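Structure, as structure tokens:
Predicted model only: the values in this text are computed from it and were never measured. Each ligand, and each atom within it, is numbered from 1 in the order the structure gives.
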Amino acid sequence: MSSDRPLPQGLRPETLAVRTALPPSQHGENSEGLFLTTAFLQPDAETSARKFTNSEDFTYGRTSTPTVRSFEARLAAMEGTEACVATATGMSAILLMIMGLLKAGDHVVCSRSVFGSTINLFAKEFGKFGVETTFVSQTDLGEWRAAVKPQTKLFFAETPTNPLLEVCDLRALADMAHEAGALLAVDNTFCSPALQRPAEFGADLVMHSGTKYLDGQGRVMSGALCGPSRLIKDVFGPVIRTAGMTLAPFNAWVVLKGMETLALRMKAQSENALAVARWLEQRPEVAKVHYPSLASHPQHELAMRQQGGQGGAVLSFEVKSGSSPEAARQAAFHVIDSTRLLSIATNLGDTKSIITHPGTTSHGRLTEAQRQAAGIGQGLIRLAVGLEHVDDITDDLLRGLSTLKPA
Ligand SMILES: *Cc1c(COP(=O)(O)O)cnc(C)c1O
């Protein structure tokens, strides 16, 4: 896109993901440039003074850089929101959101199944500044309604959740938040805009860890908040310029390129994940498989409606074992340790499939009773399915499953 040849209106999501960016520089580069600079030259002092009063102009790297601006334009176009502000990580996007929207005495209603650091940020870090958070069921709308108070300013949801892939009804939560005079913010990291666009269901803010599927190749950290200009530019703009959780241009450039292939990757990885989920459901060593595209998923129909008919790349399953947590952990560890291909790591959003034991990693700090209440047993294994051939993934899982000692 050059400034004298603006993009046509009404382009489809796949096109926006490839084409939306700032115009090229005077050199006419076809691939968006990487601008590594902390300061911007001004022609004279008067122009400099004017630019410092207008946040749209480039002045200093903490405020913005062209590469970050292209990232923001592209992600906003993909989410179907007016604007986007990029941040250094996913967690710093939530930090920016809380700093911009909330003050002491305000109240938040949040699913208790959201990302662990999100729970800590609301409950612990902002609890000490007098922001109160009530954690409620992912799926029981009655609990959300009962938690609302006169001071409720924000609903925060994530769907589907990690590691049990529970889905919440975004339209119902948006309506409930708005009736209460609150905003709905949705962590859309797992689905990405290729599958799910929360703003279409009434969400006011869409948050991302771009570290995951937007980059999609496990290279750099990044994050973002998408929403209306009156929030992104007027509320969050001044906060990020002051507080500085700015995305680095190099990381913005890597993710900008990642977004061009997002829809293709999400489709291929969802297909791989569904094939692995169906294979696991047939295995006698497996007690249960959690994956939204399976008819056995408790919110299957809602998930398919919200997620464009796709399940995403993450699934989890429970290995059959004796009744004790110890036996279950041994069985899960055996399956994990028997792999030779899958990456043993605690991450997701990569082209390389990753196998994780949530009970001793992401959810390792919970007590056994808290884990049981959350439905995360020691026999649970999470798989973030990548782009390897599906038969190589199932062969790798079979190494451990077929050699499990009978429970
Ligand atoms: C990883 C993740 C985050 C945090 O993102 P970072 O980029 O690691 O800060 C938040 N929410 C979800 C769902 C995630 O998977």
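Side-chain polar atoms of His290 and Glu318 form a donor-acceptor pair below 3.5 angstrom.
When the shell of 6.0 Å around OH of Tyr60 is examined, it contains 12 or fewer heavy atoms from other residues, nucleotides or ligands. Residue Trp144 qualifies as enclosed at atom CH2: its count of foreign heavy atoms under 6.0 Å is above 12. Heavy atoms from other residues, nucleotides or ligands lying under 6.0 Å from NZ of Lys51 number more than 12.
Among all protein heavy atoms, the one lying closest to atom 4 (C) of ligand 1 is Phe115 CE2, 3.5 Å. Met221 CE, 3.6 Å is the protein heavy atom nearest to atom 8 (O) of ligand 1. Among all non-hydrogen protein atoms, the one lying nearest atom 9 (O) of ligand 1 is Met91 N, 2.9 Å.
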Q. Hey, mind stepping through Arg230 and Asp234 against salt bridge (Lys or Arg N to Asp or Glu O under 4.0 Å) and telling me if it holds?
A. CA-CA 5 Å; Arg230 69 180 161 77; Asp234 303 345; over 6 Å; no
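Less than 4.0 angstrom separates some heavy atom of Asp187 from each of these atoms of ligand 1: 10 (C), 11 (N), 12 (C), 13 (C). Under a 4.0 Å criterion applied to the non-hydrogen atoms of Glu158, ligand 1 contributes the atoms 13 (C). Close approach to Ser222 involves these atoms of ligand 1, each under 4.0 Å from a residue heavy atom: 7 (O).
Considering backbone and side-chain atoms alike, Phe190 places every N or O at 3.5 Å or more from each N or O of ligand 1. The shortest N or O to N or O distance between Thr118 and ligand 1 is not under 3.5 Å.
A distance-only check finds no donor-acceptor pair linking the side chain of Asn120 to the backbone of Lys124 [under 3.5 Å].
No salt bridge links Arg278 with Glu281; every basic N to acidic carboxylate O contact stays at or beyond 4.0 Å.
Taking each of His208, Met207, Lys212 in turn, the one with a heavy atom nearest to atom 15 (O) of ligand 1 proves to be Lys212.
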